[in-house]
Amino acid sequence: MSNDAIKQLQFISETILELFELVDEEILHKSPVVNKMSVWEVCMHLSQIPGADLHIQKGYSAQQMTEYYQTNMSKNIAEVKNRFTTGIQELLIYYENIAEDDLKERFTTYWGSDYSKGEWFIQIINHLVHHRMQLYQYLLLLNQEVHIVLFR
């Protein structure tokens, strides 16, 4: 994996951790958008993405992923940060050490989509950025002071 791609994952991860710092108990369970996830649910989901997306690439079944999500639930924002950081470290180690030829290796997700490992890395980045922006927007809608640069 290119150093540039790895640097982007690191930057995105740092900004997500900064956003987690802005989440307090007062807003944790609020849902600023009707019929959408709460702040807590977005934080929880973000914390699970790195590990989950790596498992999906490894060929986990729908049942295995359900078990992963059920056994990787955080109880508070400190656990969310820890789970997210651990998952990002695992992703970084995996992609920093993958051979260029292995990035072309294809796999099928449990829902039937076909990806190369390199393409999946892009999907992981997209997934993180999508929910990072969701959390960012939620914080703004809840009148939180957000001064985080999302692009450099």
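Starting from 1, each residue takes its place in the sequence as its number.
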Y138 with L28, same ILVMFWY side-chain cluster at under 4.5 Å: yes
Worked verdict on I56 versus W120 for side chain to side chain contact (heavy atoms under 4.5 Å, CB included): CA-CA 10 Å; I56 290 167; W120 188 246; 3.6 Å; yes
Contacts of type side-chain hydrogen bond (donor to acceptor under 3.5 Å, both in side chains), residue E79, not counting sequence neighbours: none
Partners passing ring pair (Phe, Tyr, Trp, His ring centres under 6.0 Å) against H130 (at least two apart in sequence or in another chain): none
Side-chain ion pair, E41 and K36, N-O less than 4.0 Å: no
Derivation and outcome, side chain to side chain contact (heavy atoms under 4.5 Å, CB included), residues E18 and L22: CA-CA 7 Å; E18 288 179 56; L22 300 176; over 6 Å; no
Side-chain donor or acceptor of S61 paired with backbone N/O of Q64 under 3.5 Å: yes
Hydrophobic cluster membership, I93 vs F121, 4.5 Å side-chain cutoff: no
Closest approach of Y69 to A52 (non-hydrogen atoms, all atoms of both residues): OH-CB, 3.4 Å
Contacts of S13 that satisfy side-chain hydrogen bond (donor to acceptor under 3.5 Å, both in side chains) - sequence neighbours left out: none
Student check: side-chain heavy atoms of I98 and L103 closer than 4.5 Å: yes
Spatial distance of atom CG (L142) from atom CD (E26) [nearest 0.5 Å]: 9.5 Å
Euclidean distance, K7 NZ relative to I12 CD1, rounded to 0.5 Å: 13.0 Å
Verify same cluster id: V80, M133 (apolar side-chain graph, 4.5 Å): yes
Hphob cluster co-occupancy, V33 + L46, side-chain heavy atoms under 4.5 angstrom: yes
V146 side chain near L19 side chain, heavy-atom distance below 4.5 Å: yes
Distance (rounded to the nearest 0.5 Å) between I148 CD1 and R132 CZ: 9.5 Å
F151 reachable from L17 in the ILVMFWY side-chain graph, under 4.5 Å edges: yes
Side chains of Q63 and E67, donor plus acceptor under 3.5 Å: yes
No-hydrogen, no-angle side-chain donor-acceptor test under 3.5 Å, T109 and W111: yes
Nearest-0.5 Å distance, CG of residue L128 to CG of residue L91: 7.5 Å
R83 NZ/CZ over Y68 ring centroid, <6.0 Å and within 45° of normal: no
Partner set under side-chain hydrogen bond (donor to acceptor under 3.5 Å, both in side chains) for D114, not counting sequence neighbours: R106
By ring pair (Phe, Tyr, Trp, His ring centres under 6.0 Å) - contacts of Y136 (at least two apart): none
Heavy-atom closest contact (Q57 atom, F107 atom, distance): CA-CE1, 3.6 Å
Flag for K58-Y94: side-chain donor and acceptor within less than 3.5 Å: no
Interatomic spacing from OG1 in T86 to CZ in F84 - rounded to 0.5 Å: 10.5 Å
Pairs meeting criterion side chain to side chain donor-acceptor pair (under 3.5 Å) with involvement of residues 43-55, two or more places apart: H45-H127, H45-H131, D53-H127, H55-Y60
CG-CE distance between N76 and M44, expressed to the nearest 0.5 angstrom: 9.5 Å
Side chain to side chain, P50 and I124, heavy atoms closer than 4.5 Å: no
Sub-4.5 Å side-chain heavy-atom contact between H29 and V39: no
Result of checking L139, L135, V23 against V42 for side chain to side chain contact (heavy atoms under 4.5 Å, CB included): L135
